[in-house]
S.K.: 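Supplied in structure tokens, the structure appears directly below.
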Amino acid sequence: MEIDVNNSIPQNLSIKGWKDMPIRENHEPLIPLNDFAPKYITVKSQYFEQKIAGALEICYCREGLAKKLVEAAKYLPEGYKFLVWDVWRPTTVQHALFEKHKEELRSKNPDIEEALLLKKTERYVSVPSTDSDKPSPHLTGGAIDITIIDSKGNELQMGTEFDYFGERAKTDYYELYCSSENDLKFQKNRRLLYNLLTHFGFTNYPEEWWHYDYGNQFWASLTKRKAFYGGVLNI
């Protein structure tokens, strides 16, 4: 099977209304990803390393997601692997990240109205939820923050760091603004990640080049299918 990893990244994709997508939970288990397929996947739990309250060193994900990730990784260039930063996220971590980003925004915009502040916060960090029928995406075990490393273990350059909250984080940014050799490199690397993962059934959150989904409501909103991963409150 051949996959054209140079296809351009689609523009104007929207997940509007994702919270209303129905879920038919399939009760697939969460499994530890760290040692699942070391030939193809490396895990580096970002929020554990940042000492975010409640963050785990082990990244757990739904079993089906893990299997799809391995299938996609087989089509990476020789010696390359996926590097996973985060998958299943406990509500304590989601709450800590949400409040952290909200207060950062508030400090830059001290006169902002609360409703607008919450809207801006949600652009990059979903509202924490303990409702398994209305979960934040990472609570499902079906949202993954991911990039690619080369045969020497170096991260491919994507144009921003992980958790960069700004316009350049948009997955299609370098489809629109590409005027230098570096921009072309970022575009190529984002296309590689995007085309491999979407070919194997993942969808991408358009605001973040590193965030992909399978089986959850984000995924359902783009595929127009019923979600089958609801919230998982405990491991």
Side-chain angles (χ1 to χ4, degrees), residues 1-10 30-50 55-89 138 141-166 168-175 177-214 219:
M1 177 173 57
E2 289 194 16
I3 303 171
D4 190 347
V5 296
N6 295 311
N7 283 336
S8 60
I9 295 169
L30 286 174
I31 63 169
L33 191 58
N34 296 51
D35 298 317
F36 182 76
K39 179 180 178 180
Y40 300 111
I41 301 166
T42 294
V43 172
K44 185 178 181 181
S45 180
Q46 280 292 297
Y47 299 128
F48 178 81
E49 294 199 354
Q50 294 175 26
L56 304 174
E57 186 173 9
I58 295 174
C59 280
Y60 291 88
C61 71
R62 297 285 190 142
E63 186 174 25
L65 182 150
K67 290 178 178 179
K68 282 190 170 292
L69 199 59
V70 170
E71 289 304 307
K74 292 176 181 178
Y75 289 86
L76 287 167
E78 183 68 27
Y80 284 39
K81 298 181 182 182
F82 286 127
L83 172 62
V84 174
W85 288 313
D86 189 42
V87 196
W88 180 74
R89 189 182 296 168
H138 278 280
I144 185 168
D145 295 333
I146 187 171
T147 191
I148 298 170
I149 54 176
D150 65 19
S151 58
K152 296 181 180 179
N154 300 312
E155 294 179 24
L156 300 194
Q157 295 183 38
M158 299 288 185
T160 77
E161 299 297 319
F162 170 60
D163 270 0
Y164 171 87
F165 298 149
R168 286 188 294 123
K170 286 186 174 182
T171 312
D172 67 359
Y173 181 86
Y174 290 103
E175 302 293 333
Y177 307 102
C178 191
S179 58
S180 69
E181 287 298 316
N182 274 338
D183 291 347
L184 284 170
K185 177 170 58 180
F186 304 150
Q187 180 193 80
K188 179 181 178 182
N189 291 339
R190 289 191 187 193
R191 286 180 177 183
L192 174 63
L193 183 63
Y194 182 90
N195 285 305
L196 281 181
L197 290 178
T198 57
H199 183 88
F200 285 93
F202 291 84
T203 60
N204 167 255
Y205 176 48
E207 297 287 346
E208 299 174 346
W209 62 260
W210 58 84
H211 180 119
Y212 285 81
D213 297 276
Y214 176 69
W219 172 87

S.K.: If you take all heavy atoms of N6 and R191, which pair is closest and at what distance?
M.R.: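 In terms of heavy atoms, the two residues are closest at O-NH1, 3.0 Å.
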S.K.: If the condition is side-chain hydrogen bond (donor to acceptor under 3.5 Å, both in side chains), which residues does T198 pass it with, not counting sequence neighbours?
M.R.: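 T198 satisfies side-chain hydrogen bond (donor to acceptor under 3.5 Å, both in side chains) with no other residue.
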S.K.: Report the residue from D145, T203, L193 that forms a side-chain contact (heavy atoms from CB on, under 4.5 Å) with Y212.
M.R.: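 It is L193; the other options fail the test.
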S.K.: Would you check if the side chain of R62 reaches a backbone N or O of G141 as a donor-acceptor pair within less than 3.5 Å?
M.R.: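 Checked: no pair found.
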S.K.: What distance separates N204 CG from L197 CG, expressed to the nearest 0.5 Å?
M.R.: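 Answer rounded to 0.5 Å: 8.5 Å.
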S.K.: If you take all heavy atoms of A66 and I31, which pair is closest and at what distance?
M.R.: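 Between these two residues, the closest heavy atoms are CB-CD1, 3.8 Å.
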S.K.: Of the non-hydrogen atoms in I9 and T171, which two are nearest, and what is the gap between them?
M.R.: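 Smallest heavy-atom distance, with atoms named: CD1-O, 3.6 Å.
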S.K.: With side chains defined as the heavy atoms from C-beta onward, is the minimum distance between V43 and F36 less than 4.5 Å?
M.R.: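 Heavy-atom side-chain distance check fails, nothing below 4.5 Å.
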S.K.: Look at the rings of W85 and W209 and say which category their plane angle falls in: under 30° parallel, 30 to 60° tilted, over 60° perpendicular.
M.R.: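 Ring orientation of W85 relative to W209: perpendicular.
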S.K.: Take the angle between the ring planes of H211 and H138 and call it parallel below 30°, perpendicular above 60°, tilted in between.
M.R.: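 Perpendicular.
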S.K.: Taking atom OH of Y80 and atom CG of L192, what is their separation to the nearest 0.5 Å?
M.R.: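 Atom-to-atom, Y80:OH and L192:CG are 8.5 Å apart.
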S.K.: Can you tell me how far apart NZ (K170) and OG1 (T160) are? Round to the nearest 0.5 Å.
M.R.: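 Reported value, rounded in 0.5 Å steps: 13.5 Å.
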S.K.: Which value, rounded to the nearest 0.5 Å, describes the distance between L33 atom CG and S45 atom OG?
M.R.: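 Output value for this atom pair is 11.0 Å.
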S.K.: Is there a side-chain contact between Y60 and P32, using heavy atoms and a 4.5 Å cut-off?
M.R.: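 They are in contact (side-chain heavy atoms under 4.5 Å apart), so the answer is yes.
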S.K.: Taking the side chain as every heavy atom from C-beta outward, state whether V84 and I144 have any atom pair closer than 4.5 Å.
M.R.: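 Touching, per the 4.5 Å side-chain cut-off.
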S.K.: Does the side chain of I3 come within less than 4.5 Å of F200's, by heavy atoms?
M.R.: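 A side-chain contact exists here, since the closest heavy-atom pair is under 4.5 Å.
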S.K.: Within a strict 4.5 Å, meaning less than it, do heavy atoms of the F165 and E208 side chains meet?
M.R.: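 Yes - at least one pair of side-chain heavy atoms lies under 4.5 Å apart.
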S.K.: Is the closest side-chain heavy-atom distance between N195 and D4 below 4.5 Å?
M.R.: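 The answer is no, as the side chains (C-beta and beyond) never meet within the 4.5 Å cut-off.
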S.K.: What are the two closest non-hydrogen atoms of R190 and R168, and how far apart are they?
M.R.: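 So the two residues come closest at NH2-O, 2.7 Å.
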S.K.: Does N154 CG have over 12 foreign heavy atoms under 6.0 Å away?
M.R.: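 Yes - once you tally the heavy atoms of other residues, nucleotides and ligands closer than 6.0 Å, there are more than 12.
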S.K.: Donor-acceptor check, side chain of D183 to backbone of S179, threshold 3.5 angstrom: yes or no?
M.R.: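 It does hold such a pair.
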S.K.: If I compare all heavy atoms of W210 with all of Y164, which pair ends up nearest, and what's the gap?
M.R.: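 Looking at all heavy atoms of both residues, the shortest contact is CH2-O, 3.3 Å.
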S.K.: Regarding D163 and Y47, is there a side-chain donor-to-acceptor distance under 3.5 Å anywhere?
M.R.: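 The answer is yes; a qualifying pair exists.
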S.K.: Within the distance-only criterion (no hydrogens, no angle test), does the side chain of T147 pair as donor or acceptor with the backbone N or O of L83 below 3.5 angstrom?
M.R.: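 Pair absent, no side-chain N/O of T147 close to backbone of L83.
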S.K.: Measuring from atom CZ of F202 to atom OH of Y194, what distance do you get when rounded to the nearest 0.5 angstrom?
M.R.: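 Between F202 CZ and Y194 OH, I get 13.0 Å after rounding to 0.5 Å.
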S.K.: For the CD atom on E57, are there more than 12 heavy atoms of other groups (residues, nucleotides or ligands in this structure) within a distance under 6.0 Å?
M.R.: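 Atom CD in E57 is not packed in, count stays at 12 or less.
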S.K.: I'd like to check the ring pair (Phe, Tyr, Trp, His ring centres under 6.0 Å) partners of W219; sequence neighbours left out, ordered by chain and number.
M.R.: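 With sequence neighbours excluded, W219 shows a ring pair (Phe, Tyr, Trp, His ring centres under 6.0 Å) to Y214, F228, given in chain and number order.
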S.K.: Near K188 NZ, under 6.0 Å, is it more than 12 heavy atoms from other residues, nucleotides or ligands?
M.R.: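 Counting other residues, nucleotides and ligands, NZ of K188 stays at 12 neighbours or fewer.
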S.K.: Judged by atom type as modelled, is there a donor-acceptor pair below 3.5 Å linking the side chain of K81 to the main-chain atoms of P38?
M.R.: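 Side chain of K81 to backbone of P38, a donor-acceptor pair under 3.5 Å: yes, one is there.
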S.K.: What's the shortest heavy-atom distance between C59 and N34, and which atoms?
M.R.: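 Taking every non-hydrogen atom into account, N-OD1, 2.8 Å.
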S.K.: Rounded to the nearest 0.5 Å, how far apart are CG of D172 and CD of E207?
M.R.: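 With rounding to 0.5 Å, CG (D172) is 9.0 Å from CD (E207).
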